[in-house]
Amino acid sequence: MLPWMTYEDMYDAALNQSEQFWLGAAQRVTWKQEPEIACRMRADGWHDWFSDGTLNTCYNALDRHVEHGRGEQAALIWHSCATKERQIVSYRELLGRVAGFAGGMHSLGVGKGDRVLIAMPTMIETAIAMLACARIGAVHVVVFAGYAGPELTRRIDDVAPKVIIIASCSFQGQTPIPSGPALNEALAAATHRPQACVIVQREACPASLLPVRDHDFRTLEQCEPAGPVTLRSEDPLYILHTSGTTGNAKGIVRDNGGHAVALVLSMDLIYGCKPGDTFFTTSDLGWVVGHSYGVYAPLISGCTSVIVEGGASASAIRALCHEHAVKCLFTTPTQMRLMRQESRYLSGAILPALARIFVAGEYADPTLLDWARSYFQRPVVNHWWQTETGWSITAHFFGLSEHEPVTLMNDIGRPAPGFCPTIIQSSPDEPCGEIALALPLPPGCLTGIWKDRAIQAPATYLDDTGRYYRTFDEGIIDGTRAVHMLGRSDDVIKVAGRRISGVQIEKIIASHPGVHACAVVAVPDNLRGERPVAYVVPVAADDRSVAAEDIIGRVNQTLGQWVGLRAVYFVERLPTTISGKITRKRLLTFSGLSRLE
């Protein structure tokens with residue numbers, strides 16, 4: 001049970017009694033040696049959490065639940081939108097398979113500190129590989145299964161994996177795409193050579209195993225089980241590369257102890273989930289949400305996790321929520337927009353077990369959230385976090401008995417414990433600016449950047465004073481601590497010396513009933529410096545009811561003509577990253593243009 005009744009009590013405890021707060025939160029985790037120190041400054045200027053403690057993340061995710069009577073509870077429920085396969089794996093079964101595969105990796109020479117690159121779609125075997133690495137102290141590096149050879153090459157040479165694990169194929173829609181050619185291309189170009197490759201054979205497209213190099217995943221599962229090794233709290237658990245939307249992809253390093261403490265606290269405090277509850281994220285396991293809330297947070301908390309391969313339809317999501325009594329659904333605004341589009345052919349969702357829905361990953365406009373609340377008849381909220389933080393910077397706190405203020409429900413919420421945001425103003429007369437976070441960051445955040453095959457302090461994220469972490473997101477903080485997001489720093493448009501966020505304009509455009517999705521970017525203007533250009537996806541491709549004049553009129557009426565919106569492009573879709581984020585920088589050269597008004 002949480003020891004706080006109100007948000008202010010919780011936040012003030014984390015702010016003013018930090019050591020006591022986090023050592024108390026650490027009691028939710030099973031330690032081999034319990035920590036007596038919460039935060040310690042490192043020699044390189046960064047910080048470690050619970051550095052005198054030892055534990056094993058896999059033990060916390062599996063063994064302790066089996067020991068405490070949860071062995072027959074479902075740990076993972078998997079559904080493939082591509083093959084229509086389903087699997088339900090209990091905690092006891094998952095522990096057996098993970099321990100066996102961990103023993104198999106031992107037989108290949110993998111040990112503490114070795115990197116293991118996992119390039120697989122969202123499957124039970126992907127989670128097994130991750131947890132097996134955690135069990136023996138290896139560092140997993142999960143990458144998107146659909147990467148072509150050059151992207152794999154870059155990651156292979158960056159982390160120098162001892163072993164690479166792939167599935168024999170992934171899927172685009174329902175079409176199997178063999179993984180072997182991309183792996184062979186990547187290895188031919190890479191300067192690093194792994195000791196072995198492990199293949200998960202899939203019925204849709206089995207692969208031929210190369211002698212000596214390749215090993216069968218399920219054969220390795222039958223090896224002598226390996227027990228959990230004792231690790232220091234600050235030992236690395238995984239490396240996860242950023243999507244690259246803010247520059248070159250960086251290898252974010254996550255620790256074992258701080259990561260476990262933050263995630264298990266967040267499940268109760270933010271999501272309101274207790275042991276035995278079912279949590280469902282639609283994220284690919286290759287992304288940070290999949291890591292945090294597809295695998296680690298639910299399992300460390302003793303919950304059941306639903307994971308899906310491929311893009312789930314509204315009907316599939318509804319069916320999975322109903323069949324498995326999902327309490328909390330975590331998805332993206334893009335997925336929610338697709339659900340809204342499909343829902344025209346479906347009746348309202350009646351899901352008695354579903355308590356709340358969270359979205360993250362990109363901006364969710366109020367009209368989308370209002371639709372989702374009406375459709376699901378449940379609270380639907382946005383929250384803000386980054387690959388670097390691993391969990392929410394700001395959120396809504398459903399584990400507290402105090403109800404969240406209704407006035408905050410359309411925004412990203414208030415800071416989670418340990419996050420202390422401030423605004424770096426671009427000019428003295430404006431309340432908005434880049435959001436920076438005072439150091440040290442709370443547990444669960446990055447412990448460094450993987451560079452030159454070592455963990456280094458993330459100096460590129462610090463401001464000039466070295467006291468703040470730069471988020472590169474712009475916003476406003478009001479008197480209730482609520483943070484209001486305006487978008488990425490490079491999405492802010494400077495019109496005749498005045499600054500306007502593209503997100504502010506997108507909110508207005510998205511309120512038009514004929515608009516399915518939109519994005520706004522800046523283009524150079526000889527007179528004003530910059531001006532906004534809007535890209536709009538209509539609800540229906542042949543819908544002429546939404547016109548450029550309507551959209552420009554709405555923006556002018558709400559913000560004023562000084563904004564200077566004159567060009568509106570209607571497109572069939574918006575360019576996105578593999579994780580579903582809109583890539584605004586690509587819009588100016590995007591080939592999906594269908595008409596200009």
Side-chain angles (χ1 to χ4, degrees), residues 61-62 65 70-98 100-101 118 120-131 142 145-146 165-177 179 199-206 217-218 221 273 276-287 289-291 293-299 302-331 335 338-339 342 346 349-354 357:
L62 299 178
H65 300 310
R70 292 193 178 276
E72 306 317 310
Q73 177 188 316
L76 293 175
I77 298 171
W78 173 70
H79 170 73
S80 172
C81 300
T83 66
K84 309 307 178 187
E85 296 171 275
R86 291 194 180 195
Q87 289 184 41
I88 300 178
V89 182
S90 70
Y91 270 97
R92 191 182 309 281
E93 181 186 355
L94 186 59
L95 172 58
R97 294 182 67 181
V98 167
F101 189 69
I118 304 169
M120 294 203 292
T122 296
M123 302 169 61
I124 296 291
E125 289 79 6
T126 311
I128 288 172
M130 295 166 67
L131 291 162
V142 183
I165 306 173
I166 68 167
S168 60
C169 68
S170 58
F171 286 84
Q172 288 183 0
Q174 296 183 341
T175 303
I177 308 297
S179 303
I199 316 295
V200 178
Q201 296 284 20
R202 306 194 72 178
E203 290 184 8
C205 186
F217 187 100
R218 293 184 177 87
E221 277 191 52
C273 284
D277 288 339
T278 301
F279 194 95
F280 177 11
T281 176
T282 60
S283 172
D284 188 284
L285 292 186
W287 310 122
V289 176
H291 278 54
Y293 295 100
V295 177
Y296 286 113
L299 296 184
C303 295
T304 297
S305 179
V306 179
I307 56 177
V308 294
E309 177 186 23
S313 65
S315 57
I317 290 173
R318 186 169 67 172
L320 288 166
C321 287
H322 185 270
E323 181 178 351
H324 302 295
V326 169
K327 182 175 182 179
C328 189
L329 172 65
F330 188 163
T331 189
Q335 184 73 57
L338 294 173
M339 292 171 66
E342 186 182 342
L346 298 171
I350 302 174
L351 302 167
L354 188 65
I357 299 170

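Worth knowing before you read on, the calculation uses all heavy atoms, side chains too, and leaves out hydrogens, waters and symmetry mates.
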Practice problem: Starting from the C-alpha separation in whole Å, work towards a yes-or-no answer on side chain to side chain contact (heavy atoms under 4.5 Å, CB included) for L62 and V98. | Solution: CA-CA 9 Å; L62 299 178; V98 167; 3.9 Å; yes
Quiz item: Among all residues two or more places apart in sequence or in another chain, which pass the salt bridge (Lys or Arg N to Asp or Glu O under 4.0 Å) test with R70?
Solution: none
Quiz item: What's the spacing between T281 OG1 and L329 CG if we round to 0.5 Å?
Solution: 8.0 Å
Practice problem: Output all residues satisfying side-chain contact (heavy atoms from CB on, under 4.5 Å) with S305, sequence neighbours left out; order by chain, then residue number. | Solution: L76, P298, I307
Quiz prompt | Intermediate values then yes/no, side chain to side chain contact (heavy atoms under 4.5 Å, CB included), S168 and I199 | solution = CA-CA 6 Å; S168 60; I199 316 295; 4.2 Å; yes
Quiz item: With sequence neighbours left out, which residue pairs that include part of residues 303-314 fulfil the salt bridge (charged side-chain N to carboxylate O under 4.0 Å, His left out) condition?
Solution: R202-E309
Self-check item: Partners passing salt bridge (Lys or Arg N to Asp or Glu O under 4.0 Å) against E72 (at least two apart in sequence or in another chain)
Solution: R92
Quiz item: Is the closest side-chain heavy-atom distance between V308 and T122 below 4.5 Å?
Solution: no
Quiz prompt | Gap between atom OG of S90 and atom CG of L95 - 0.5 Å precision | solution = 9.0 Å
Exercise. Considering non-hydrogen atoms only, spot the tightest contact between A312 and C81 and give its length.
Key: CA-SG, 3.5 Å
Practice problem: List for me each residue that meets ring pair (Phe, Tyr, Trp, His ring centres under 6.0 Å) alongside H291, sequence neighbours excluded, and say none if there are none. | Solution: H140, Y238
Quiz item: Closest heavy-atom contact between M123 and W78?
Solution: CA-NE1, 3.7 Å
Exercise. Can you measure from CD1 (I317) to OG1 (T331) and round to the nearest 0.5 angstrom?
Key: 5.0 Å
Self-check item: Residue pair S313 / S315, side-chain donor-acceptor N/O under 3.5 Å
Solution: yes
Self-check item: Gap separating the CG atom of L131 from the CG atom of L299, nearest 0.5 angstrom
Solution: 6.0 Å
Quiz item: Donor-acceptor pair, S283 side chain versus G290 backbone, under 3.5 Å?
Solution: yes
Self-check item: Non-neighbouring partners of T83 that pass side-chain hydrogen bond (donor to acceptor under 3.5 Å, both in side chains), sequence neighbours left out
Solution: S80, E85
Quiz prompt | Evaluation steps, side chain to side chain contact (heavy atoms under 4.5 Å, CB included), between M130 and Y296 | solution = CA-CA 10 Å; M130 295 166 67; Y296 286 113; 4.0 Å; yes
Quiz prompt | Exercise: identify the closest heavy-atom pair between A167 and M120 | solution = N-CG, 3.4 Å
Quiz item: When rounded to the nearest 0.5 angstrom, what distance separates NE2 in H322 from CG in L351?
Solution: 7.0 Å
Exercise. Run through T304, I124, V89 and flag the one making a side-chain contact (heavy atoms from CB on, under 4.5 Å) with I77.
Key: T304
Quiz item: Taking atom NE2 of H65 and atom OH of Y91, what is their separation to the nearest 0.5 Å?
Solution: 4.5 Å
Exercise. Start with the C-alpha gap between Q87 and H79, add the side-chain angles, then the distance that decides, and say whether side chain to side chain contact (heavy atoms under 4.5 Å, CB included) holds.
Key: CA-CA 7 Å; Q87 289 184 41; H79 170 73; over 6 Å; no
Quiz item: Does H324 use its side chain to pair, donor to acceptor, with the backbone of V306 at less than 3.5 Å?
Solution: no
Practice problem: Would you please indicate if the ring centroids of F330 and F280 are separated by under 6.0 Å? | Solution: no
Self-check item: Which atom of P121 lies closest to which atom of T126, heavy atoms considered
Solution: O-OG1, 2.6 Å
Quiz item: Looking only at heavy atoms, which two atoms of F171 and A204 are closest? And how far apart?
Solution: CZ-CB, 3.6 Å
Practice problem: Taking all heavy atoms of I165 and all of A129, pick out the closest pair and write down the distance. | Solution: CD1-CB, 3.9 Å
Quiz prompt | Salt bridge flag under 4.0 Å for residues E323 and R86 | solution = yes
Self-check item: Heavy-atom side-chain contact between I166 and S179 under 4.5 Å
Solution: yes
